[in-house]
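Take a look at the structure set out below.
Atoms within a ligand are numbered from 1 in the order they appear, just like the ligands themselves. Any value given below was found using the heavy atoms of this structure, including those in side chains, with hydrogens, waters and symmetry copies removed.
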Amino acid sequence: MADVKITDIRKSYGAVEVIHGLNIDIGDGEFVALVGPSGCGKSTLLRMIAGLEPINGGTIAIGDRVVNNLPPSQRDIAMVFQTYALYPHKSVAENMGFALKVAKADKADIERRVREAAEILSLTEYLDRKPRHLSGGQRQRVAMGRAIVRDPQVFLFDEPLSNLDAKLRIQMRTEIKELHQRLKTTTVFVTHDQIEAMTLADRIVVMQAGRIEQVGTPLDLYDNPANEFVATFIGAPSMNLLAGDLADGKIRLGGQTFAGPPGAGRVKMGIRPEHLLLSDDGLPMEVKVVEPTGSETMVFLTFENQDVTAVFRERHTFQSGETVHLKPDPDHIHVFDAVTGARL
Ligand SMILES: Nc1ncnc2c1ncn2[C@@H]1O[C@H](COP(=O)(O)OP(=O)(O)OP(=O)(O)O)[C@@H](O)[C@H]1O
Ligand SMILES: [Mg+2]
């Protein structure tokens, strides 16, 4: 195992810079998720760590070795991709042991390591099968098995679950978490699914357009987003943002006032859907759609032409068109500069 230190790393394709000097320190044994919208540079960053993509500036160190100029095979990493890229004509066992065979490992050693990995991943009974005779989840496990047998210093995952259906995705998510708790291998996991990132990672790196917006533990990011982008990216359904005016430590909004930070100007008040409380002195909002899920009631509303989502643990039977009064929980109000998006 090893830590991974990424220092001022840059990447350009032709004249276009897509990664603009990133710094991330990943601890030994840590599980870090990279999240961000499509095209923000997650895969590029992962591929630079793997050595699949040359870098245009900065350094990447794995353990105490700077690996900038090392080929992928010498970085002691294993990567799992979205498409499993299994060899169709090889058995599960051969797929899992292939990298070791190429590296000229001892035959008995390969067999032992494949058997151990198969055991961990519940693949033992499938070792002789060809990939086409496996389910999607089993194929994904083989792809992980291929990474595990190499016992690398670092696992790199690029959206490994995005080809699976919703139920299997959640199951594999738990398996990956268990695997990490068991092996404690330093892991960098790319996903654009923020729930996946929240549930798996020790720390999350939120990226946008080749830059880091914030790094923190999942609950850190949820409770104290550094800006509007992180606030709305982390959490589902998204945080509500209501336009208001800040002056003298008070936010004025919809004819009401709320305690705010110092400063003055146009702001957006952020409230998570679960922090809108039914109350007679709340803000009047018009119900559009009610979605009961059994465990909770999700309600979509409008307030001063702004979309609002509220989530209740209780069951409510609001009617479309009805006005309800929802009060932002004063302990959970976030305030962002309306222009820069920075947290105030
Ligand atoms: N080979 C390439 N040549 C030119 N531009 C590229 C190349 N590969 C990626 N890019 C650009 O670099 C940026 C980052 O791409 P990257 O694939 O890392 O994004 P991503 O965050 O992984 O997105 P997604 O969530 O869609 O997988 C994008 O703007 C993309 O168009
Ligand atoms: Mg990608």
Exercise. Can Arg10 and His20 be said to form a side chain to side chain donor-acceptor pair (under 3.5 Å), step by step?
Worked result: CA-CA 5 Å; Arg10 286 171 191 279; His20 311 288; 5.4 Å; no
Problem set entry | Distance from atom 18 (O) of ligand 1 to nearest protein heavy atom, with residue and atom | Thr44 OG1, 2.5 Å
For this session: Please work out whether any backbone atom (N, CA, C, O) or any side-chain heavy atom from C-beta onward of Met207 is under 4.0 Å from ligand 1, and answer side chain, backbone, both or neither.
Result: neither
For this session: State which residue, out of Ile77, Val80, Thr186, fulfils the side-chain contact (heavy atoms from CB on, under 4.5 Å) condition with Leu156.
Result: Ile77
Exercise. Which residue and non-hydrogen atom of the protein lie closest to atom 26 (O) of ligand 1, and at what distance in Å?
Worked result: Ser38 OG, 2.5 Å
Seminar exercise, completed: Heavy-atom proximity to atom 25 (O) of ligand 1, picking from Gln82, Met48, Lys42, points to Lys42
Exercise. Are any of the N/O atoms in Gly36 less than 3.5 Å from those in ligand 1?
Worked result: no
Exercise. Hey, is Asp109 close enough to Arg113 for a salt bridge, meaning N to O under 4.0 Å?
Worked result: yes
Seminar exercise, completed: Restricting to heavy atoms, the pick from Asp158, Leu46, Val18, Thr191 nearest atom 12 (O) of ligand 1 would be Val18
Exercise. Under 4.0 angstrom from atom 2 (C) of ligand 1, is there any protein heavy atom?
Worked result: yes
For this session: Could you tell me which atoms of ligand 1, counted from 1 in the order shown, lie closer than 4.0 angstrom to a heavy atom of Ser43?
Result: 17 (O), 18 (O), 20 (P), 22 (O), 27 (O)
Problem set entry | Whether Thr44 has an N, O or S atom under 2.8 Å from the Mg ion (ligand 2) | no
Exercise. Has ligand 1 got any nitrogen or oxygen that is less than 3.5 angstrom from a nitrogen or oxygen of Cys40?
Worked result: yes
Problem set entry | Cation-pi, Tyr87 ring and Lys90 (6.0 angstrom, 45 degrees) | yes
Exercise. When Lys5 is tested against each of Asp25, Ile62, Ile60 for side-chain contact (heavy atoms from CB on, under 4.5 Å), which residue passes?
Worked result: Asp25
For this session: Taking atom 16 (P) of ligand 1 as the reference point, report whether a protein heavy atom occurs under 4.0 Å from it.
Result: yes
For this session: May I ask you to identify the nearest protein heavy atom to atom 29 (O) of ligand 1, giving residue, atom name and distance to one decimal place in Å?
Result: Gly39 O, 3.7 Å
Exercise. Are Lys177 and Glu175 close enough for a salt bridge, meaning some N to O gap below 4.0 Å?
Worked result: no
Exercise. Have His316 and Glu314 got a donor and an acceptor in their side chains that come within less than 3.5 Å?
Worked result: yes
Exercise. Is the NZ or CZ atom of Arg272 positioned over Tyr222's six-membered ring, under 6.0 angstrom from the centre and within 45° of the axis?
Worked result: yes
Seminar exercise, completed: One finds that the ligand 1 atoms under 4.0 Å from a non-hydrogen atom of His192 are 25 (O)
Exercise. So, is Leu45 polar-close to ligand 1, with some N/O to N/O distance under 3.5 Å?
Worked result: no
Exercise. Nearest protein heavy atom to atom 10 (N) of ligand 1, by residue and atom, and its distance?
Worked result: Tyr13 CE1, 3.3 Å
Exercise. Does the pair Arg313/Glu274 count as a salt bridge with the N-to-O cut at 4.0 Å?
Worked result: no
For this session: Mind telling me whether Phe157 and Phe31 have parallel, tilted or perpendicular rings, with 30° and 60° as the class edges?
Result: parallel
